[in-house]
Amino acid sequence: MIDPALIREDPNRVRKHLVNRRFPADALEMFISLDREWREELQEVESLQHKLKTATPKRKPTDEEKGELSELSDMIQSKKRDLKSLEQSKNEYALSIPNILSHDTPLGDSDKDNVEIRKEGDIPTFDFNVQSHDALAQSLNLVDFEKASLISGSRFAVLKGWGARLERALIHFMLDMHTTSHGYEECMPPVLVNSKALQGTGQLPKFKEDLFHCADTDLWLSPTAEVQLTNLYQNAVIPAGELPIALTAHTACFRREAGSYGKDVKGLIRLHQFNKVELVQLVHPDQSERVLTALLTHAENILKALALPYRVVELCSADMGFSAGKTFDLEVWFPSQNCYREISSCSNFFDFQARRAMIRYKDVGGAVGYLHTINGSGLAVGRTFAALIENYQTKMGTVNVPGALKPYLGVETLT
RNA sequence: GGAGAGGUACCCAAGUGGCUCAAGGGGACGGUUUGCUAAACCGUUAGUGUUCGUAAGGGCAGCGAGGGUUCGAAUCCCUCCCUCUCCGCCA
């Protein structure tokens, strides 16, 4: 949620952000008019409430007094109902307005206008025809898509044998690096979350078609551990001295992928269920810009340790996620596709999520404010798996194990 | 799933319709005393959200959440959530 005071004081600035995002302004305009109406009603109700409070005697009132007070009380009650419904729809619209963009966000119309910041690592050259990761994985018996569709349908995978081992090794390796070298605390949260948590990080109310919902309950399959880790602190007031809070978790993540028919239908790139190691930091507002850079480095360090070529891309105004104010994507090289594909997305949300989830900090002086949240994938495990086997494939159709993973896998080659 | 007991502020806790604009402890903070500490004593401890106001400063809300009854609700009624104990089932 963006600061309602900002909308009241400078609506044009907010309108401009929506234009830059190529985002419709309906919700904003509705909010502005409902908010005005709500505040007028609120003042009236409160002054009537004050009147009732001061006029109510401490002892049994006379019948005459009772009549007057009763009338006043009825009026308050009906006005309160109006106020409540105004407030509800006002809040609904407020929750549907995306975050303000960072001052330095590049402007653009689509993902084509994202800005490449730098490239890292050497793109491997092959003196044979490279195989796609799904062909490789199937020929090496690392994964079985047919069996997965038998039990779960399309866009699921069963990892087997060395495939399962490799996935587990990657998770283990990533968590080890983030906990021992980058200072994150490891967490194992539930993967079922309630709608309040999803609202806190911005998945609800707008994007429920992207989520799996458990029938007859208020439980949803979390699409990213960002939801769990960030919302651990909902309604908290954290002493500034305890910041930053840095958490990492491996979880399964679940996405409907509605509207992505025909996209990445083969392989491990786009599944309904995938593993991800997530990085989340809760920081003092002064620190968020610096911490985003640091967190990006933490994600990059995984790619560097695995010696996978990648590039850093800054998202432009039109491609930015709903809750994010500034985002860097990491894109890893896929030899078979001859292009870079997203493997991590690292964002600064400023106080947007903190406002929704009511996560605040308290300074030594006692001043309370919304803190900033930052998160990123460190990394998407399935995509790392896919990139790894493609980049490390050999002429014989086997896969060399990168040095960093040998302690976890105990073999030099997957055959 | 069945049966019971709970949820009050940083913590413990009193409080079954108006004498409570939530008692009393503990802790924390400030002070008196003191060579220093402790003890004792005195004081502060509702934080927060929201709204009005340039501000100073008002108002309103707030006893797990949401509704209701009432002139008036922590207290009565309804729905829901969470915690604990026992039973059943289960990895």
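No experiment lies behind these values; they were computed from the predicted model shown. Computation of the quantities below employed the complete heavy-atom set of this structure, encompassing side-chain atoms and omitting hydrogens, waters and symmetry-equivalent molecules.
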Under 4.0 Å between a Lys/Arg side-chain N and an Asp/Glu carboxylate O for A:R341 and A:D264?
yes

Syn or anti for B:A38, please, going by whether the chi angle lies within 90° of 0.
anti

Rounding to an integer number of angstrom, what distance separates B:G31 and B:U16 when you compare their C1' atoms?
41 Å

Is the ring pair A:F23/A:F322 parallel, tilted or perpendicular, if the boundaries are 30 and 60 degrees?
tilted

Sticking with atom C1', work out how far B:G18 lies from B:C12, rounded to a whole angstrom.
28 Å

Could you tell me whether A:S73 contacts a base, only the sugar-phosphate backbone, or nothing, with contacts defined as non-hydrogen atoms closer than 4.0 Å?
sugar-phosphate

Considering only the P atoms, how many Å lie between B:C82 and B:A65, rounded to the nearest integer?
15 Å

Before accepting this row, confirm whether a basic side-chain N of the pair A:K90/A:E37 lies closer than 4.0 Å to the acidic partner's carboxylate O.
no

With a 4.0 Å cut-off, would you call A:E29 and A:R15 a salt bridge?
yes

Nearest-nucleotide comparison on RNA chain B, the residue closer to the 5′ end among A:Q43 and A:L52:
A:Q43

Assign each of A:Q49 and A:K84 to its nearest nucleotide of RNA chain B by heavy atoms, then name whichever residue's nucleotide is nearer the 5' end.
A:Q49

What contact category does A:K362 fall into here, base, sugar-phosphate, or nothing, at under 4.0 angstrom with non-hydrogen atoms?
sugar-phosphate

Taking the P atom of each, how far is B:A14 from B:G1, in whole Å?
31 Å

B:C41 and B:U50: how far apart are their C1' atoms, nearest whole angstrom?
41 Å

So A:E65, base contact, sugar-phosphate only, or nothing? Heavy-atom distance under 4.0 Å.
nothing

Give one of base, sugar-phosphate or nothing for A:E40, where a contact means two heavy atoms less than 4.0 Å apart.
nothing

State plainly whether the residues A:K276 and A:E278 are in salt-bridge range, i.e. N to O under 4.0 Å.
yes

Pairing partner (Watson-Crick or G-U wobble, both distances under 3.5 angstrom) of B:A3
B:U85

Given A:R256 and A:E209, is the salt bridge (Lys or Arg N to Asp or Glu O under 4.0 Å) satisfied, shown in steps?
CA-CA 7 Å; A:R256 292 271 296 278; A:E209 64 281 2; over 6 Å; no

Does one side chain, of A:Q228 or A:S222, offer a donor that lies under 3.5 Å from an acceptor on the other?
yes

Counted 5' to 3', the first and last nucleotides of RNA chain B within 4.0 Å (strictly under) of a heavy-atom of chain A are B:G18 to B:G72

Considering every strand shown, what is the Watson-Crick or G-U wobble mate of B:A39 when both distances are under 3.5 Å?
none

